[in-house]
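Here the structure comes first, spelled out in structure tokens, and everything after it is commentary.
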Amino acid sequence: MDSGLDYHTARALLEWQVELGVTETIGETPLNRYDLPDKQKKVTPGPGPTAVPQAVKPKKDEDPVEIARISASAARTLEDLKTALAGFDLCDLKKGARNLVFADGVPDSRVMIIGEAPGREEDQQGRPFVGRAGHLLDRMLEAIGLSRAENVYITNVLPWRPPQNRDPKPDEIAMMKPFLERHVALAKPDVLVLMGNISCQTVLGRRGITRMRGKWDQAWDLPVMPMLHPAYLLRQPQAKRETWADLLDLNARLREKI
Ligand code: URA
């Protein structure tokens with residue numbers, strides 16, 4: 001039966017329904033699948049979850065990265081940027097996500113943290129780092145007197161959850177990078193903290209977090225500290241020692257420049 005949906009939309013819709021707890025695909029109206037197609041009754045969809053809107057596809061010669069750049073650079077405030085992202089329909093991840101995850105914390109903080117992408121809890125709540133890794137991040141920050149309630153601003157490379165938490169793809173990163181760069185320019189932090197390989201790849205253009213961590217770098221006119229991702233620390237708790245050293249270094253840097 002032709003549902004009128006393209007493959008990616010149909011798949012995102014199905015995955016979303018599975019997450020909502022759907023276990024069987026039974027329609028509300030009986031359908032005799034032995035009927036010839038022209039005799040089949042048209043089944044009107046029931047109330048169920050709202051249909052995922054169709055994304056606007058770029059016209060033949062339009063480059064989604066260029067469109068992202070134009071859209072991001074037009075934003076004059078963080079609120080504008082959030083609105084621009086919410087209206088950006090060229091990234092397929094948006095179709096499968098429940099919420100836009102823009103940022104959390106205090107926007108004019110000296111420290112801005114960049115993570116990878118929302119997971120399940122973040123997608124549900126529309127806020128970054130609210131799951132297990134987020135709780136660990138909060139404890140790490142607290143250890144050096146930082147908190148998102150007072151003096152930290154947090155965002156991710158991707159504002160929409162990738163299906164099954166898969167790694168972001170290069171074209172998704174490229175499309176979101178202009179928004180991230182504008183986000184940093186508008187938030188005006190003193191330092192950036194990059195959590196894990198994806199944010200290092202996006203901001204510094206290279207990965208290798210176990211070698212890069214703890215070494216100050218420079219990007220977008222700002223000092224940048226790469227750190228191990230809290231999700232990695234949950235899997236490898238012995239690496240917390242190194243992260244503690246990196247946090248102390250971050251703290252020292254902030255104190256140097258009060
Ligand atoms: N991991 C991330 O990188 N970001 C989140 O928001 C949550 C988990």
Side-chain angles (χ1 to χ4, degrees), residues 15-16 19 78 81-82 85-86 88 91 93-94 96-107 109 111-142 146-149 151-177 179-181 183-184 187 189 191-210 212-214 219 224-237 239-240 242-243 246-247 250:
E15 283 170 2
W16 185 40
E19 260 189 29
L78 290 170
L81 189 70
K82 188 175 177 182
L85 262 173
F88 185 78
C91 179
L93 293 176
K94 183 180 177 185
R98 230 177 271 185
N99 279 301
L100 169 76
V101 178
F102 182 67
D104 198 16
V106 180
S109 297
V111 180
M112 180 165 178
I113 294 178
I114 303 178
E116 178 179 324
R120 187 190 172 89
E121 284 90 347
E122 289 79 17
D123 180 47
Q124 278 166 351
Q125 295 187 34
R127 289 169 61 216
F129 282 103
V130 290
R132 278 183 72 219
H135 290 141
L136 177 57
L137 175 63
D138 286 339
R139 293 210 307 277
M140 287 159 53
L141 296 172
E142 199 184 311
L146 298 176
S147 84
R148 63 176 99 193
N151 46 17
V152 170
Y153 188 58
I154 307 177
T155 191
N156 281 311
V157 171
L158 298 186
W160 295 291
R161 181 192 180 193
Q164 268 78 51
N165 297 342
R166 65 152 168 76
D167 278 351
K169 294 181 184 165
D171 65 319
E172 293 161 350
I173 295 177
M175 240 186 270
M176 290 303 121
K177 187 173 166 178
F179 290 103
L180 181 66
E181 193 163 353
H183 203 156
V184 172
V191 299
L192 285 179
V193 176
L194 305 180
M195 292 296 182
N197 266 324
I198 299 294
S199 49
C200 286
Q201 179 70 54
T202 309
V203 177
L204 294 168
R206 61 208 160 79
R207 46 171 69 217
I209 189 65
T210 48
M212 291 163 77
R213 59 140 282 272
V224 169
M225 166 64 97
M227 275 195 204
L228 296 171
H229 194 289
Y232 175 84
L233 296 177
L234 288 172
R235 296 191 299 273
Q236 306 286 337
K240 285 181 186 168
E242 290 155 6
T243 298
D246 300 345
L247 287 166
L250 169 65

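Keep in mind that the numbers below use all heavy atoms, side chains included, and drop hydrogens, waters and symmetry copies. Counting starts at 1 for both ligands and their atoms, following the listed order.
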Holding to salt bridge (Lys or Arg N to Asp or Glu O under 4.0 Å), I want the full list of residues that pass it with Asp104, two or more places apart in sequence or in another chain.
Arg127, Arg148
Which is it for Glu172 and Leu158 under the side-chain contact (heavy atoms from CB on, under 4.5 Å) test, yes or no, and what are the steps along the way?
CA-CA 8 Å; Glu172 293 161 350; Leu158 298 186; 4.2 Å; yes
Using heavy atoms and a strict 4.0 Å limit, residues surrounding ligand 1 turn out to be Gly115, Glu116, Ala117, Glu122, Pro128, Phe129, Asn156, His229
Check: Met195 main-chain N/O paired with Glu116 side-chain donor or acceptor under 3.5 Å
no
Would a distance-only check, ignoring hydrogens and angles, find a side-chain to backbone donor-acceptor pair under 3.5 Å from Thr202 to Val157?
no
Single hit among Met176, Lys94, His183 for side chain to side chain contact (heavy atoms under 4.5 Å, CB included) with Leu85:
Met176
Show the numbers, then the answer: is there a side-chain contact (heavy atoms from CB on, under 4.5 Å) between Leu250 and Met227?
CA-CA 10 Å; Leu250 169 65; Met227 275 195 204; 4.1 Å; yes
